[in-house]
Structures are given as structure tokens and as C-alpha cells.
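The structure appears right after this line, and notes come after that.
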Amino acid sequence: MASYNQTWFSIQGFRVTSPLQLCVFSLLLLVYVFSILVNMLIIIIITLHQHLQTPMYFFLRNLAILDMSLSSCTLPKLLVIFASGDESISFSGCMLQLYFYISVGSIVFYTLGLLSLDRYIAICHPLRYNTLLPIQLCRKLVIFAWVFGFLEFIPMIFLTSELDWCSSNVVIDHFFCDGSTLLHISCSSTDVVENIFFWFASITILGTFLPTLSSYCFIISTILRISSSTGRKKMFSTCSSHFIVVSIAYGCCIFIYVRPAGHFTTRHEKTVAIFNSILAPLLHPLIYTLRNQAVLHGLKHMLKKLKSIDNVV
């Protein structure tokens, strides 16, 4: 068996013909740059405007940071592969990519759960909103989500790093170091790691999905009791974006991860992973934030300030 320092992985799960290589590289680069810029814009708008200093926008700013981090876990290496043709990644690089991807991904789910809690309190208990969810509590919840998210998968990463591999150049049939794929190609017994990965992924995904689902049951029940059709429509519009984002995130990850790990990655799984890790960080701000009138007002206000500064100069 190859030792730790001798093992290299070859990422070969996203190959295209030479004529299309430049097109795919350009498309991925455009998606990555646009995703970073849009999420940075959201962070700046929410940070600079006083009327956006509420729990919902605090969580949305955290989600924007996570979206930039999640796309940065996979896309830079994928861009290097298309630009240089070098598909190799070191063992330590592969473990770090896997660790940051699943850790950041878990924090995304915790943030979506916090957003559902925010919408539940705002719609079902509007008069007690500031009392039940003060901004100080929001900060503590987000800090806890980040700390726990980066701690919970350390045992799985450690055990994965101790596995044996069949050669010094292991082929990964995926476009990044995915946990399920790595377990499939290991020469060691992976039962313990599979169970740890399965249960932690299930607890993270389903553990935040069930409270989110419960929150939306209460929200829908509250909205249906509103006598005014205009009021019902306004309430539905405030949580429809979140519902779309939640459906995409949970649908993708339940399909990929909430089942025993170690199975071969099919074409459909890779397609879903592309959507979840590459497209979702771009779609979140477009669906969730830039459709929001308060954020658009902040954007217009910021553009007016920039225009006035430019005129003075």
C-alpha cells in the first residue's frame, strides 16, 4: 500500500473533449466570479445599511459568506484542471478539500434552519419578534453553527486519512474529493467510516430539515387564517424565496448523502452535485436576496452615493 506522502489522487469525473474545454473553463470562471461578486455585494449592502440590521438579514449575510466559501471549495481546483490539464491533487489537498466542503455545507444547513426559525417567529409571533430573537442571540447561534460545523466531521476526516489506497495514483470519478467516492475506491474496510459519515450527514441534513418543515407548517397555518387575501399574498411572498432555496438545498443533499456512503457515484449524482456546489451559491443571492425590496432599496441608495462621489471627483 502507498504511504501517506506518496499517495496522489487524479480527479477525472468531469472530462470534456478538447474543443469544449475552453468553453467549459470560461463558463465555470464566469459562474465563479459572478457568484463571488454577487455575494460580496449582498454582504456590503447589508453591512452598510442600518435598516437591514435585523436577524433575517444577519442570517442572509452569513449565508452569502458561506456561499462564497462553498463555491471556493471546488471551483478553483476545477478551473486549474481545465486551464492546465493537471488533474492531480495531493492526499493532504484532497482531505482538506473534503473537510472544508462538508463543514461549510453543514453550516449552510444550520443557517437555513435559523432562517426558517426567523420566518416562523416573524410571521407567527410578530409582536414578540425582537424579544424572542434579539440580534445578540443571532450572533451566538451563528458562532455555534460555525464552530460545530467545523468540529463535527473531524472524526470522519481522520478515519478517512487512515485508509489504504490501491496505488500511488488513485483515480477519483468525480469533479472534487467527495467522501462517498473516496470510500468506494479505498482498499481498506470502510464500514466504520461509512457509518460515521452516514449518521453525521443524516443528523445534519434531516436534523435541520425537520424543524424547517415544522416551521413552515406553522407558517402556512398562520397565513391561511388571515382573512385578507392581500395580507395572505404578502405573507407568502416573504417566505416563498426561502422555501425555494430550502427545497433546492435539501432535495440535492438528501439525494446524495442521506443513504449509506461508499457507493459508486453515478452520472445523476454528479449532476446533482454540480448544481448543489457550483450553481446553488450563485442562485441563492439571486433568488433569496436580490428579489427583496429592502435589499434593492439599499442597492439603489449605494449606487446613488457612488454616483454623487463620482460627480464630485
Side-chain angles (χ1 to χ4, degrees), residues 54-64 66-67 70 102-149 151-153 197-229 231-259 272 275-276 280-281 283-285 287-289 291-292:
T54 64
M56 183 182 77
Y57 295 106
F58 178 77
F59 293 140
L60 285 176
R61 180 172 57 186
N62 185 59
L63 184 62
L66 290 167
D67 282 336
L70 189 63
I102 59 178
S103 297
V104 172
S106 68
I107 303 170
V108 169
F109 284 109
Y110 298 140
T111 303
L112 292 177
L114 291 174
L115 280 166
S116 69
L117 173 66
D118 171 85
R119 291 300 84 204
Y120 164 72
I121 296 175
I123 293 175
C124 299
H125 304 282
L127 298 180
R128 301 173 61 195
Y129 180 72
N130 292 327
T131 303
L132 293 175
L133 201 63
I135 196 67
Q136 294 85 355
L137 177 61
C138 296
R139 292 193 183 100
K140 292 178 182 178
L141 290 172
V142 166
I143 291 172
F144 176 80
W146 277 83
V147 172
F148 185 73
L151 290 178
E152 64 174 320
F153 287 103
F197 183 75
F198 170 70
W199 284 111
F200 272 94
S202 299
I203 291 170
T204 299
I205 298 172
L206 297 181
T208 54
F209 173 71
L210 294 178
T212 299
L213 182 63
S214 301
S215 297
Y216 271 94
C217 289
F218 286 114
I219 289 171
I220 293 172
S221 176
T222 301
I223 292 175
L224 292 177
R225 290 198 297 266
I226 298 175
S227 56
S228 168
S229 60
R232 286 198 301 270
K233 184 177 180 181
K234 183 178 179 180
M235 286 295 184
F236 271 120
S237 67
T238 62
C239 58
S240 61
S241 298
H242 183 222
F243 183 76
I244 294 171
V245 172
V246 164
S247 300
I248 292 172
Y250 284 105
C252 290
C253 287
I254 288 174
F255 177 81
I256 298 173
Y257 296 114
V258 184
R259 62 179 183 177
V272 173
F275 189 87
N276 184 60
L283 294 177
H284 283 175
I287 294 174
Y288 209 164
T289 313
R291 294 174 66 247
N292 186 291

From [atom1] ([X]) to [atom2] ([Y]), nearest 0.5 Å:
X    : Y    : atom1 : atom2 : value
E152 : T204 : CD    : OG1   : 3.5 Å
L63  : L70  : CG    : CG    : 10.0 Å
L133 : I121 : CG    : CD1   : 4.5 Å
T111 : R61  : OG1   : CZ    : 12.5 Å
F144 : L114 : CZ    : CG    : 10.5 Å
L141 : D118 : CG    : CG    : 11.0 Å

Looking at [X] and [Y], what are the two nearest heavy atoms and their distance?
X    : Y    : value
I205 : T208 : O-OG1, 3.1 Å
M56  : Y129 : N-OH, 3.7 Å
I107 : G149 : CG1-CA, 3.8 Å
T212 : S116 : OG1-OG, 3.4 Å
N62  : W146 : OD1-NE1, 2.7 Å
F58  : R139 : CZ-CG, 3.7 Å

For I219, which residues count as a side-chain contact (heavy atoms from CB on, under 4.5 Å) partner, sequence neighbours excluded?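 Counting only residues at least two positions away or on another chain, I219 forms a side-chain contact (heavy atoms from CB on, under 4.5 Å) with R119, Y120, I123, C124, Y216, I223, C239.
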
Side chain to side chain, [X] and [Y], heavy atoms closer than 4.5 Å:
X    : Y    : value
L213 : Y250 : no
F200 : I102 : no
L112 : F59  : no
L60  : L115 : yes

What about the rings of F109 and F209, do their centers lie closer together than 6.0 Å?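 No, they do not, as the ring centres are separated by 6.0 Å or more.
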
Using modelled atom types only, decide if a donor and an acceptor are shared between the side chain of S106 and the backbone of S103 within a distance under 3.5 Å.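 Yes, S106 side chain to S103 backbone: donor-acceptor pair under 3.5 Å.
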
Quick check against the 3.5 Å criterion: does S221 have a side-chain atom that pairs as donor or acceptor with the backbone of C217?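 Checked: no pair found.
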
